[in-house]
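Since the structure is predicted, the reported quantities are computational estimates derived from the model, not experimental observations. Each chain gets a letter, A, B and so on, in the order its sequence line appears, and its residues count up from 1.
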2 protein chains.
Amino acid sequence: MQIDSINIAQTASAATIIYEALKKAIIEGQLADGAPLRQDEIAKMFNTSRIPVREAITMLEQQGLVVTQRYKGAVVAGISPDEAAEIWDFRALVEGHVIEAAVPRMSDETLELARSYLTAFSEGATPMDWGDQNRKFHTILYRDSGLFYHLGVIEKTLDRVDRYLRAQLALSNGLARANREHEAILAACERRDATRAAELTRLHILGAKTNLLDNLRKR
Amino acid sequence: MQIDSINIAQTASAATIIYEALKKAIIEGQLADGAPLRQDEIAKMFNTSRIPVREAITMLEQQGLVVTQRYKGAVVAGISPDEAAEIWDFRALVEGHVIEAAVPRMSDETLELARSYLTAFSEGATPMDWGDQNRKFHTILYRDSGLFYHLGVIEKTLDRVDRYLRAQLALSNGLARANREHEAILAACERRDATRAAELTRLHILGAKTNLLDNLRKR
DNA sequence: TGCTTGCATATTGTATCCAATATTCGATAT
DNA sequence: ATATCGAATATTGGATACAATATGCAAGCA
């Protein structure tokens, strides 16, 4: 006898659980740039030994979310204005390509979901809401491309800059413009204009880049 | 007193050494698709305990070079024709963009280096030679872009598919065409025609994709 | 005071040991 | 013969213990 469903729900390893939790904390900005990740401290928080903690930190390092130095430990990786600029350029390139591939294959359900995220975004009250709904809105528009490698790279890139994206949205002119541009992108998708959707996505990202850089350099 | 040079040569951790060695073995194809990575076995090879081995495997998993299952271990990650096709598309997109950014900033030394790699490629005798020189040739042309995030993503992508790239070059029509196309790309760089260099790079990669897919599907 | 030196403490890196799970293989029943 | 069960073995996941290195601090000295 074979009952697959029983084996499907694999309990995650402690290392994975710790990794997800730390990643969330970094992405959401609860751990600020440069904040140290002490193995002992984290191990106590999760009631484990340091071994799974170390594996979690190793994963984070591979993702570029922390930087470690031998015998000195890991700290949350920051981002310089130059890096930020480059990453936004990268996003424009890849996300533009992916949405262009996705539009012809985009289902009505996807469009409806996107619309609901757009609404939730405009009704959001906190930077966390804006960030979450913004990300949901964009990634749902990419999903139907079926380009899993691209999607994975985009996810990792967004993880890397999520904090800064949120900060950018919270700027004075961030929200209103994002809303306007989201509306235009979704409209292009709805009328199946892949080229225009891609163009608008690129402009949306590059505009956010300018906005963010003005702010980063100001500090 | 400050003597920097003494502290520069950091001895790498065992985990890092093992990671580099395993990565090399996977990239070079010494460990074939699906080959299991036994922690005990590897630990003995490096005269260490399994702890650094596990961290090395964790790194490889994050890179997508191995796939692990809880309590079952890690095996070298293969690649399906669909994934291969997508990754070659991704390469065309990103590498085309990066070389376009690099050409205006490309130094004469870079061009000379590229020429030397091109020569070494054409004179190579084994798939390993071809693969190495091919990769050197391409990446040197990207370097002067200064787009470090893009460069990092490209490196990881090439690591992921290095084995298949090598196999593609070794196909009957692989070498001669690669040589011809490399020559054309380099010529465009030398006359500072960024647009053309980018276009040729994209065509070069997409052509290789077709060649590879024909071969993958045949098996 | 300002600087070095050496020790105590803190932190990370690794080895060893135990626990949890998977796999193999033989015995048994049908 | 084939299928099923269960114990023995193999393998991975994690806890504890120890080693290597970094950091902070206080004593000593100019």
Side-chain angles (χ1 to χ4, degrees), chain A residues 1-23 25-26 31-32 34-63 65-77, chain B residues 1-23 25-26 31-32 34-63 65-77:
Chain A
M1 188 173 63
Q2 259 321 56
I3 301 182
D4 287 341
S5 59
I6 289 179
N7 290 326
I8 283 177
Q10 296 264 2
T11 63
S13 66
T16 305
I17 292 170
I18 295 170
Y19 163 68
E20 296 291 349
L22 290 178
K23 186 168 95 168
I26 293 173
L31 286 168
L37 276 67
R38 298 275 166 240
Q39 297 176 5
D40 240 334
E41 186 184 343
I42 296 166
K44 275 171 192 154
M45 287 167 64
F46 288 90
N47 276 313
T48 68
S49 74
R50 281 165 43 225
I51 300 291
V53 174
R54 291 177 52 92
E55 289 189 20
I57 289 175
T58 300
M59 295 186 220
L60 292 171
E61 180 170 29
Q62 293 296 314
Q63 304 282 344
L65 291 175
V66 306
V67 176
T68 72
Q69 272 187 295
R70 192 165 154 81
Y71 294 119
K72 290 178 115 183
V75 299
V76 177
Chain B
M1 190 172 64
Q2 258 320 54
I3 301 183
D4 287 342
S5 60
I6 288 178
N7 289 326
I8 284 176
Q10 297 263 2
T11 64
S13 67
T16 305
I17 292 171
I18 295 170
Y19 163 67
E20 295 290 348
L22 290 177
K23 186 169 93 169
I26 293 172
L31 286 168
L37 276 66
R38 297 275 166 242
Q39 298 175 7
D40 241 334
E41 188 183 343
I42 296 166
K44 275 171 193 153
M45 288 167 63
F46 289 90
N47 276 311
T48 68
S49 74
R50 281 166 41 223
I51 301 292
V53 173
R54 293 180 43 162
E55 289 188 18
I57 290 176
T58 300
M59 295 185 219
L60 292 170
E61 181 169 29
Q62 292 296 314
Q63 304 284 342
L65 291 174
V66 307
V67 176
T68 72
Q69 272 187 297
R70 191 165 156 80
Y71 294 118
K72 291 179 119 182
V75 299
V76 177

By side chain to side chain contact (heavy atoms under 4.5 Å, CB included), B:Ala35 pairs with (sequence neighbours left out) B:Leu31, B:Val76

ask   = Any donor-acceptor pair under 3.5 Å linking the side chain of A:Arg50 with the backbone of A:Ala43?
value = no

Per-nucleotide protein contact along nucleotides 12-18 of chain D, 5' to 3', at a 4.0 Å heavy-atom cut-off (B base, S sugar-phosphate only, - neither), is BBBBB--

Rounding to 0.5 Å, atoms CD (A:Glu61) and CD (B:Glu55) come to a distance of 10.0 Å

(request) State whether the side chain of B:Thr16 and the backbone N or O of B:Ala12 hold a donor-acceptor pair below 3.5 Å, judged by distance alone. (result) no

Result for side-chain contact (heavy atoms from CB on, under 4.5 Å) between A:Val66 and one of A:Leu60, A:Leu22, A:Thr58 points to A:Leu60

